[in-house]
Number of protein chains: 2
Amino acid sequence: MSQELKTPLSQAKDDFVTQWGAIGSAWGINRTMAQIHALLMVTARPLSTDEVMDELKISRGNAHSNLRELIGWGLIRSVIRKGERKEYFEAEKDVWKMFCIIVRERKRREIDPALEVLTRCRQATKGLKGEEAEVFQKQIAALSDFVAVANRVMDKVANGSESQLMPLALKMIK
Amino acid sequence: MSQELKTPLSQAKDDFVTQWGAIGSAWGINRTMAQIHALLMVTARPLSTDEVMDELKISRGNAHSNLRELIGWGLIRSVIRKGERKEYFEAEKDVWKMFCIIVRERKRREIDPALEVLTRCRQATKGLKGEEAEVFQKQIAALSDFVAVANRVMDKVANGSESQLMPLALKMIK
DNA sequence: CACAACTTTCAGTATTATCTGAAAATATAG
DNA sequence: CTATATTTTCAGATAATACTGAAAGTTGTG
């Protein structure tokens, strides 16, 4: 199975995996998690933990925890083959479903808490007078409105039953 | 100016600054940079480097480099007062403009490179046969399409001269 | 030019995030 | 129950990132 020289395909895969990892980390996602995700996205068959470790040259512990994390996000699922004890993993390959999952999770993990903070800041300064206070209130209100809209948009995107239609809809924007 | 007990306003500010920093870092933005941004967003008047250092209890070097970075993003601008040698900084306060700036910058810094990688992977595997190769090609093609759409959407959002109208438009989505 | 005000740089240090590897736990087969 | 395969945990190591503080650089002023 392993060869001395890499095939063009495996070179391209490596390139993709590496770059996807870099992109992920620019968006606050653990590099290894993004790499595993990339690897599973472009691999035809489900891989075992050992195969992932081997492909990415990472330790068992690292592979394990990032695979679990990806399952937590819903971006991959585990596959159990009859008669085998090992667990295999495969990625959700539908790009739009993927996108919806990521939007939904980030909303839940980050937008919701942000709204809480903003609401708390509003409460705490309600009724205060003076220029400083008023600038603060105005800015917090504007941010709240913005985040609330983002929230609704993300809900629509993430739960739109017509995720299949989204690509078309967006293309319309031209 | 400084008091023993914090006013409700400065408490709320601190809370906001801290939390905004946390949110930023979940999105791959340096915590301090997000905090400085937050501070300037909710402060009525432009602040000097020393005031920023003092408010956030950070060193001159740290304040300096993050202020420059924020200027690089276009999220703050420097203000020179006549007859004063110090440089002051103020944030863009319009939330929608802010959003557009961030979208434009992230597109430039991350989406464009992502498209390059995908294009390169497509080229490199063009014409290869076999199930593995075909799954790879199909997935890369799907991702390319997706990223291309995202690209166009981000362009529209970031350069739409009617950024004032965006909030309304989005509210329409309901 | 000399001085003071202010900004910039960056080597060294601190902090935080991530990873390793081996031991412990769990599950399955016989 | 025992042996074996596999997964899970986590203390300590490593790597990545961010920060400090002081020295060097720059700019404006008299």
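Both backbone and side-chain heavy atoms feed into the values below; hydrogens, waters and symmetry mates do not. By convention in this document, chain letters (A, B, ...) are assigned in the order of the sequence lines, proteins followed by strands, and residues within each chain are numbered from 1. Since this is a predicted model, take the numbers as computed values, not measurements.
Contacts of B:D50 classified as side-chain hydrogen bond (donor to acceptor under 3.5 Å, both in side chains), with partners at least two apart in sequence or in another chain: B:R60. A search for salt bridge (charged side-chain N to carboxylate O under 4.0 Å, His left out) contacts involving B:E87 returns B:R68, not counting sequence neighbours. Under the salt bridge (charged side-chain N to carboxylate O under 4.0 Å, His left out) criterion, B:E55 pairs with no residue, sequence neighbours left out.
Note on the helix from C:dC1-D:dG30 to C:dG30-D:dC1: terminal axis deviation equals 20°, with five pairs used at each end and the result rounded to 10°.
In this structure, CZ of B:R68 is placed 9 Å from C1' of C:dT8, rounded to the nearest angstrom. At whole-Å resolution of the value, CD in A:E87 and P in C:dT26 are 16 Å apart. Rounded to whole Å, the distance from CD on A:E69 to P on C:dA17 is 14 Å. Between B:D50 atom CG and C:dA5 atom P there is a gap of 12 Å when expressed in whole angstrom units. Between B:E51 atom CD and C:dC6 atom P there is a gap of 12 Å when expressed in whole angstrom units. Atom NZ of B:K86 is separated from atom P of C:dT8 by 14 Å (rounded to the nearest Å). Atom CG of A:L67 and atom C1' of D:dT9 are 15 Å apart (whole Å).
For residues 21-36 of chain B, no residue pair satisfies the salt bridge (charged side-chain N to carboxylate O under 4.0 Å, His left out) rule, not counting sequence neighbours. Each ring pair (Phe, Tyr, Trp, His ring centres under 6.0 Å) pair with one or both residues in residues 106-156 of chain B, not counting sequence neighbours, appears once here: A:W96-B:F146, A:F99-B:F146. Legend: side chain to side chain donor-acceptor pair (under 3.5 Å) pairs involving residues 13-25 of chain A, not counting sequence neighbours, sorted by first then second residue: A:K6-A:D14, A:K13-A:T43, A:K13-B:E132, A:D15-B:R120.
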Would you give a per-nucleotide map of nucleotides 14-30 of chain D, 5' to 3', where B means the base has a protein non-hydrogen atom under 4.0 Å away, S means only the sugar-phosphate does, and - means neither?
-> ---SSSBB-----BB--
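Within the structure, every side-chain polar atom (N or O) of B:H64 is placed at least 4.0 Å from both OP1 and OP2 of C:dT7.
Between B:S48 and B:E51 there is a side-chain heavy-atom pair separated by less than 4.5 Å.
Residue A:Y88 belongs to a hydrophobic cluster whose other members are A:V79, with links defined by side-chain heavy atoms closer than 4.5 Å.
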